[in-house]
2 protein chains.
Amino acid sequence: MMKPDRRGEILKAALDLFTEQGFHGAPMALIAMQAGVGAGTIYRYFESRDVLIRELYKDLEERIYPYILAGYAETAPFRSRFLHLGTKLLRYFIEYPLCFRYMEQFHNSPYGIAFRRDKMLGKEGHCDVFRELFEQGAAQQVLKDFPLVILFCLAFGPLLAVARDHVLGFVQLDDSMIDRTIEACWDAVKR
Amino acid sequence: MMKPDRRGEILKAALDLFTEQGFHGAPMALIAMQAGVGAGTIYRYFESRDVLIRELYKDLEERIYPYILAGYAETAPFRSRFLHLGTKLLRYFIEYPLCFRYMEQFHNSPYGIAFRRDKMLGKEGHCDVFRELFEQGAAQQVLKDFPLVILFCLAFGPLLAVARDHVLGFVQLDDSMIDRTIEACWDAVKR
DNA sequence: ATTAACGGAATGAACGTTCATTCTTTTACT
DNA sequence: AGTAAAAGAATGAACGTTCATTCCGTTAAT
């Protein structure tokens, strides 16, 4: 008989509710209820509501890397590495829509903006794979002559927009359309 | 002595505060204070907080069209019409960062999602210029073979991402970079 | 083996604060 | 004087957080 993973239950409930109802519409009491714990219990695992919101983000972000890096060949040509990462990322978002929606909501909130600012100014931390890839591409002159930030926008802007529309039910993406979408992202950044 | 435009003052204060503090951090009392009116007065002009939020959005959206349509030549070749609208739009967001940030926040909130769903399913309403343009482009086979929704994502995804990073201070866009960014958007959608 | 004591995890009612909205009073205009 | 607009104090609902108490598994003693 496994001991119940209360922290995990709380995170799961928070993901469901924050995603479905927004940060507004998900009071702690409701999260506790959905997680099957008492309201006070949450505070044994998370210092405050804000901390819960941020921890949930980190938790979700960490799961992405193993997924997109599976089968990633450091030595492959630049274009196919780009396509690999882009496709995997889009697939991941489609496969885990709750994750995608939560991260989007987070990014477009004061939490996310502060978070992003820290990341830009502080040490690079996680985005290493992408940063490395793009820096190489810029050096080899396969990419357009833009600052790195803009290249990220050109590549991920459309990707995220497409993921959003899929997740909201405005389009239904099949395998071929995923591939062609990422190729269009490539067209945007390639020289 | 001009009679004070209270509705306008309220909208302006709401724009400032919602943008700077988020929907969370801007209580009605503060908006009233910044607008220089009593708290109750707001309710003479807007039925509720939610209505105020939505009206402000509509108000901002309406101002965009005159700006981007100035000098728009219906008869020009497709590519240059695309570049015209894209450039103007990006310029507008850069010139009115509060407007941009508010609209972004709105879009990524329950309000905006409901709003967008209505727009997609109901009558087209405003987006006519863009929709018309893209439908023509699709018909003439200058655009990639994607559903309209995806084409929108490919074109506006990067544009909005770049605007966001500029507005947050992560890049400084000059005229030439604006133009080149829109050309990159074009690369993403062109066949 | 049984029971008693202990410690930390969990609980959820209660608290204090915040905030949208309402209501009564005051002001300004005709 | 009479009416419409404005003000801002009052209201009550909602919410995050706290804390005194309960529960339960483990250890220690008999």
Side-chain angles (χ1 to χ4, degrees), chain A residues 1-59 102 105-106 108-115, chain B residues 1-59 102 105-106 108-115:
Chain A
M1 168 76 197
M2 261 236 355
K3 164 164 78 153
D5 169 22
R6 291 215 154 79
R7 199 188 124 97
E9 293 298 323
I10 292 166
L11 283 174
K12 205 155 103 49
L15 176 60
D16 280 6
L17 287 169
F18 283 143
T19 303
E20 227 59 63
Q21 325 268 350
F23 289 135
H24 291 336
M28 295 300 261
L30 201 64
I31 296 171
M33 202 184 161
Q34 173 132 350
V37 305
T41 304
I42 296 180
Y43 291 85
R44 296 201 60 77
Y45 295 93
F46 304 96
E47 197 183 317
S48 69
R49 181 183 169 83
D50 281 14
V51 168
L52 169 61
I53 287 172
R54 278 192 292 265
E55 291 278 304
L56 177 54
Y57 178 84
K58 282 191 221 156
D59 192 81
Y102 183 81
Q105 187 181 171
F106 183 85
N108 292 285
S109 73
Y111 305 106
I113 291 177
F115 183 86
Chain B
M1 166 80 195
M2 256 223 22
K3 167 163 80 157
D5 168 23
R6 292 213 154 81
R7 198 188 124 99
E9 292 299 321
I10 293 167
L11 283 174
K12 204 155 104 48
L15 175 60
D16 280 6
L17 287 169
F18 283 142
T19 302
E20 227 60 62
Q21 327 269 349
F23 289 136
H24 292 338
M28 296 299 264
L30 201 65
I31 296 172
M33 201 183 162
Q34 172 132 349
V37 304
T41 305
I42 296 180
Y43 290 85
R44 296 201 58 76
Y45 295 94
F46 304 96
E47 197 183 318
S48 70
R49 181 183 169 84
D50 279 16
V51 167
L52 168 62
I53 287 173
R54 278 192 292 267
E55 291 278 306
L56 176 55
Y57 178 84
K58 282 192 221 155
D59 192 79
Y102 183 82
Q105 187 182 171
F106 183 86
N108 292 286
S109 74
Y111 305 107
I113 293 179
F115 183 86

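In what follows, every chain begins at residue 1, and chains take the letters A, B, ... in the order their sequences are listed. When reading the values below, keep in mind they use all heavy atoms of this one structure, side chains included, and skip hydrogens, waters and symmetry mates.
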Asks: How long is the span from the CG atom in Asp59(A) to the CG atom in Leu52(A), to the nearest 0.5 Å?
Replies: 10.5 Å
Asks: With salt bridge (charged side-chain N to carboxylate O under 4.0 Å, His left out) as the rule and sequence neighbours excluded, what pairs involving residues 23-34 of chain A come up?
Replies: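 Found none.
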Asks: In a table with atom names and distances, give each donor-acceptor pair under 3.5 Å that connects a side chain of residues 16-37 of chain A to protein atoms at least two apart or in another chain.
Replies:
from, atom 1, to, atom 2, distance (Å)
Asp16(A), OD2, Gln34(A), NE2, 3.3
Thr19(A), OG1, Leu15(A), O, 2.6
His24(A), ND1, His24(B), ND1, 3.3

Asks: If a pair satisfies salt bridge (charged side-chain N to carboxylate O under 4.0 Å, His left out) and one of its residues is in residues 24-33 of chain B, list it, with sequence neighbours excluded.
Replies: none
Asks: Sort and list the pairs that fulfil side-chain hydrogen bond (donor to acceptor under 3.5 Å, both in side chains) and have at least one residue in residues 42-54 of chain B, not counting sequence neighbours.
Replies: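 side-chain hydrogen bond (donor to acceptor under 3.5 Å, both in side chains) check on residues 42-54 of chain B returns Asp50(B)-Tyr111(B).
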Asks: Check every nucleotide of DNA chain C for an atom under 4.0 Å from a heavy-atom of chain B, then give the first and the last such nucleotide from 5' to 3'.
Replies: dC19(C) to dT22(C)
Asks: Any non-hydrogen side-chain atom of Leu11(A) less than 4.5 Å from a side-chain atom of Phe46(A)?
Replies: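 Yes. Closest side-chain heavy atoms under 4.5 Å.
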Asks: With sequence neighbours excluded, what pairs up with Arg7(A) under the salt bridge (Lys or Arg N to Asp or Glu O under 4.0 Å) test?
Replies: Glu55(A)
Asks: What residues from residues 12-35 of chain B pass a heavy-atom cutoff of under 4.0 Å to DNA chain D?
Replies: none
Asks: Are any protein N/O atoms closer than 3.5 Å to N/O atoms in nucleotides 3-7 of chain D? If there are, list each pair with its distance.
Replies:
from, atom 1, to, atom 2, distance (Å)
dA5(D), OP2, Arg44(B), NH2, 3.0
dA6(D), OP1, Arg6(B), NH1, 2.7
dA6(D), OP1, Tyr45(B), OH, 3.4
dA6(D), OP2, Tyr45(B), OH, 3.1
dA7(D), OP2, Gly38(B), N, 2.8
dA7(D), OP2, Thr41(B), OG1, 2.8

